[in-house]
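Data first, discussion second: the structure below is written as structure tokens.
Labels below follow one simple rule: chain letters A, B, ... track the order of the sequence lines, proteins then strands, and each chain is numbered from 1. Hydrogens, waters and symmetry mates are skipped; everything else that's a heavy atom, side chains included, is used.
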2 protein chains.
Amino acid sequence: MILSKTTEYALNVLAFMATRNKEMYPADYLCKELKIPRQYLKRLLTDLSKKGFITSIRGRNGGFIFSRDLSTINFLHVIEAMEGPEAMNTCLLGFTACIVDHPCVMHDLWTKARSKMTETLTNTSFADLKNKYDKDKKSIAQIIIH
Amino acid sequence: MILSKTTEYALNVLAFMATRNKEMYPADYLCKELKIPRQYLKRLLTDLSKKGFITSIRGRNGGFIFSRDLSTINFLHVIEAMEGPEAMNTCLLGFTACIVDHPCVMHDLWTKARSKMTETLTNTSFADLKNKYDKDKKSIAQIIIH
DNA sequence: ATAATATACTATAAAAAGGTAGCATTTTAT
DNA sequence: ATAAAATGCTACCTTTTTATAGTATATTAT
Ligand code: FES
Ligand code: FES
């Protein structure tokens with residue numbers, strides 16, 4: 001199981017875009033707000049648009065917007081899009097896959113332990129995130145990665 | 001949160017050593033059984049011995065054995081020794097740390113989601129693993145990583 | 001003593017991830 | 001038309017992780 005820095009950036013950007021009420025999010029604006037390296041973020045945004053989460057609009061006044069309703073995108077979607085479909089289904093002991101037919105000695109314990117996490121990642125859409133943010137705004141301190 | 005390949009190797013080796021009933025585990029034997037690259041595994045074993053999980057015995061008939069009782073070592077110990085003490089305490093959105101005073105919008109959901117996993121990793125010692133293995137041996141298929 | 005069998009150490013290479021720079025292309029306000 | 005403001009693309013660089021090779025050192029059976 002890996003949540004790479006790039007995936008964290010992706011979740012961070014999307015969470016930011018989902019919770020603010022802008023019409024459009026240009027790369028440079030996101031870069032300034034989130035302190036993610038400029039060119040790296042641009043590449044990531046292009047990638048996220050190719051993956052269907054956001055739409056890019058080129059040219060003056062362009063930027064990025066969500067391409068579908070926030071309620072249709074959850075955290076697991078993004079993680080799997082970034083890390084591959086098996087990202088959250090890896091064997092704790094590093095076997096090639098975590099398969100029910102070929103369990104390792106930790107398999108059932110590990111599967112159970114992961115389930116709550118996977119469940120949360122599946123059940124939390126970016127619309128939920130926005131609602132949460134609007135409700136709890138005062139108690140949310142952290143905005144910047146570094 | 002990252003479980004790197006090296007950490008998976010570490011858990012794999014220790015799980016193997018904990019469940020077999022050998023007096024001594026030479027590096028070459030572990031390498032052959034677990035298909036972990038020879039020199040890389042040797043270095044890892046030295047590392048694990050420096051970290052106090054196993055003891056190295058040099059010379060003919062040497063190898064590695066656990067340096068303390070299996071019941072005193074759990075999965076979180078090993079993960080934290082390999083990945084650093086904050087390995088399982090990282091912010092989902094990639095903020096520098098996951099801190100109660102400086103929560104991000106996902107903080108409380110993510111903290112709850114992680115807890116079951118962390119709990120399992122803490123509550124499962126390598127002695128538990130051995131018991132489990134002795135009991136379920138027939139249903140455990142997977143041994144080799146690749 | 002000596003040979004065999006181990007681990008320990010060091011240097012290096014290869015691969016993957018993260019980050020940077022520059023230019024091309026697209027769009028729109030003026 | 002033109003300039004400004006945006007994304008798209010490619011090539012390259014740096015750092016970290018993973019892997020390999022060779023040599024030094026330690027221990028013990030014989
Ligand atoms: S096979 Fe190891 S955790 Fe499932
Ligand atoms: S601060 Fe983001 S998960 Fe805790």
Check your understanding: Atom CG of B/Asp47 and atom C1' of C/dC9: how far apart are they, to the nearest Å?
Key -> 13 Å
Review point. Taking the inter-plane angle between the rings of B/Tyr29 and B/Phe16 on a 0 to 90° scale, is it parallel (under 30°), tilted (30 to 60°) or perpendicular (over 60°)?
Key: tilted
Check your understanding: Taking only side-chain nitrogens and oxygens of B/Ser56, does any of them come within less than 4.0 Å of OP1 or OP2 of C/dA6?
Key -> no
Practice item. Only pairs at least two apart or in different chains count here, so list each ring-ring contact (aromatic ring centres under 6.0 Å, His included) that has a residue in residues 58-80 of chain B. Key: B/Phe75-B/Phe126
Practice item. Please report, rounded to the nearest Å, how far the C1' atom of D/dT7 is from the OH atom of A/Tyr29. Key: 18 Å
Point to revise | Pairwise side-chain contact, B/Asp128 with B/Ser125, heavy-atom cut-off 4.5 Å (strictly under) | key: yes
Practice item. For the pair A/Asp134 and A/Lys130, find out whether any cationic side-chain nitrogen is under 4.0 Å from an anionic carboxylate oxygen. Key: yes
Study note, to complete from the structure: The reported gap from CD1 in A/Ile54 to CG in A/Leu44 (rounded to nearest 0.5 angstrom) is 7.5 Å
Exercise for review: Quick one: which residue pairs count as a side chain to side chain donor-acceptor pair (under 3.5 Å) with a foot in residues 50-67 of chain B, not counting sequence neighbours?
Suggested key: B/Asp47-B/Lys51
Point to revise | Distance, nearest 0.5 Å, that separates CZ of B/Arg114 from CE of B/Met88 | key: 9.5 Å
Check your understanding: Bend angle of the helix from C/dA1-D/dT30 to C/dT30-D/dA1 from five-pair axes at both ends, rounded to 10°?
Key -> 0°
Review point. Between D/dT25 atom P and B/Lys42 atom NZ, what is the distance in whole Å?
Key: 16 Å
Point to revise | A/Lys116 side, atom NZ; A/Leu121 side, atom CG - distance, nearest 0.5 Å | key: 11.0 Å
**Study point:** Inter-residue atom distance A/Lys132.NZ - B/His107.NE2, 0.5 Å rounding
**Key:** 10.0 Å
Review point. Could you give the distance from CD1 (B/Ile73) to CG (B/Leu129), rounded to the nearest 0.5 Å?
Key: 11.5 Å
Where do N or O atoms of nucleotides 24-30 of chain C meet protein N or O atoms at under 3.5 Å, pair by pair?
from   : atom 1 : to      : atom 2 : distance (Å)
C/dT25 : O2     : A/Arg58 : NH2    : 2.9
C/dT26 : O2     : A/Gly59 : N      : 3.4
C/dT27 : O2     : A/Arg60 : N      : 3.0

Exercise for review: In whole angstrom, give the distance that lies between atom NZ of A/Lys32 and atom C1' of D/dA6.
Suggested key: 15 Å
Revision key, fill the gap. Separation of D/dA19 atom C1' from B/Glu8 atom CD, nearest Å, is 16 Å
Exercise for review: Output all residues satisfying side-chain hydrogen bond (donor to acceptor under 3.5 Å, both in side chains) with A/Asn131, sequence neighbours left out; order by chain, then residue number.
Suggested key: none
Review point. Distance check: side-chain N/O of B/Thr46 vs OP1/OP2 of C/dC9, anything under 4.0 Å?
Key: no
Check your understanding: Is the shortest side-chain N/O distance from A/Tyr25 to OP1 or OP2 of D/dA6 below 4.0 Å?
Key -> no
Check your understanding: Donor-acceptor pair under 3.5 Å: do we get one between A/Gln39's side chain and the base of C/dG18?
Key -> no
Exercise for review: Specify the residue among B/Pro26 and A/Thr7 whose closest nucleotide of DNA chain C lies further upstream toward the 5′ end.
Suggested key: B/Pro26
**Study point:** For atom CG of A/Leu45 and atom P of D/dC9, their distance in whole Å
**Key:** 13 Å
Show me the protein contacts with nucleotides 11-17 of chain D, counting only N or O atoms at under 3.5 Å.
from   : atom 1 : to      : atom 2 : distance (Å)
D/dA11 : N6     : A/Arg43 : NH2    : 2.8

Revision key, fill the gap. From CG of A/Leu48 across to P of D/dT7 the rounded distance in Å is 13 Å
Check your understanding: What's the shortest heavy-atom distance between B/Cys91 and B/Cys98, and which atoms?
Key -> N-CB, 3.6 Å
Check your understanding: Does a nitrogen or oxygen in the side chain of A/Tyr9 sit under 4.0 Å from OP1 or OP2 of C/dG18?
Key -> no
**Study point:** Nucleotide D/dT27, atom P - distance to CE of B/Met24 in whole Å
**Key:** 13 Å
